[in-house]
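Here the structure comes first, spelled out in structure tokens, and everything after it is commentary.
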Amino acid sequence: MAELPPELQRILDEADIRQLSINYGLGTDAIGRRDKAAGIALYQATFTEKAAIQVGGADSTARLGAVAWAGYVDEHFRSRN
């Protein structure tokens, strides 16, 4: 495969990074709608398997990986209802 011009590669890389934020938001929305499986799928497209995720540095919210994070988000939504 031929190498892309640097400016085009930068644009594509930035689009990929923006998509991560979109996936995260859509995943969180799905979990809020009680579609945890869809949320997990979107989180898995966002985070690596070994990603350490937490809210604002709060150790009590720390989770490892997309599935564990989806569980935390789901628990958070359910505790608010």
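When a residue number appears, it is its place in the shown sequence, counting from 1. Both backbone and side-chain heavy atoms feed into the values below; hydrogens, waters and symmetry mates do not.
In this structure, Ile22 shares a hydrophobic cluster with Leu26, Leu42, the cluster being traced through Ile, Leu, Val, Met, Phe, Trp and Tyr side chains under 4.5 angstrom apart. Hydrophobic side-chain contacts under 4.5 Å tie Leu8 into a cluster, directly or through other members, with Leu4, Leu12.
With sequence neighbours excluded, no residue forms a side chain to side chain donor-acceptor pair (under 3.5 Å) with Tyr72. Judged as a side chain to side chain contact (heavy atoms under 4.5 Å, CB included), and not counting sequence neighbours, the contacts of Thr46 are Leu20, Asn23, Tyr24. Residues passing the side chain to side chain contact (heavy atoms under 4.5 Å, CB included) test with Ile53 are Phe47, Ala51, Trp69, sequence neighbours excluded. By the salt bridge (Lys or Arg N to Asp or Glu O under 4.0 Å) test, Arg10 pairs with Glu7, Glu14, sequence neighbours left out. For Gln9, the side chain to side chain donor-acceptor pair (under 3.5 Å) test picks out Asp13, with sequence neighbours left out. Shown here are the side chain to side chain contact (heavy atoms under 4.5 Å, CB included) partners of Ala41, two or more places apart in sequence or in another chain: there are none.
Taking both residues in full, the closest heavy atoms of Ala30 and Ala38 are given as CB-CB, 4.0 Å, listed atom of the first, atom of the second, then distance. Nearest heavy-atom pair across Ile31 and Gly39 is CG1-CA, 3.8 Å.
Using a 4.5 Å heavy-atom threshold, the side chains of Val67 and Glu49 count as separate.
Arg78 has a carboxylate O that lies under 4.0 Å from a charged side-chain N of Asp74, or vice versa, which qualifies the two as a salt bridge.
Tyr43 contributes atom OH, which lies 10.5 Å from atom NZ of Lys36 (distance to the nearest 0.5 angstrom).
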Side-chain donor-acceptor pairs of residues 55-64 under 3.5 Å, sequence neighbours excluded:
| residue | atom | partner | partner atom | Å |
| --- | --- | --- | --- | --- |
| Thr61 | OG1 | Val55 | N | 2.8 |
| Thr61 | OG1 | Ala58 | O | 2.7 |
| Arg63 | NH1 | Ser60 | O | 3.2 |
| Arg63 | NH1 | Thr61 | O | 3.2 |

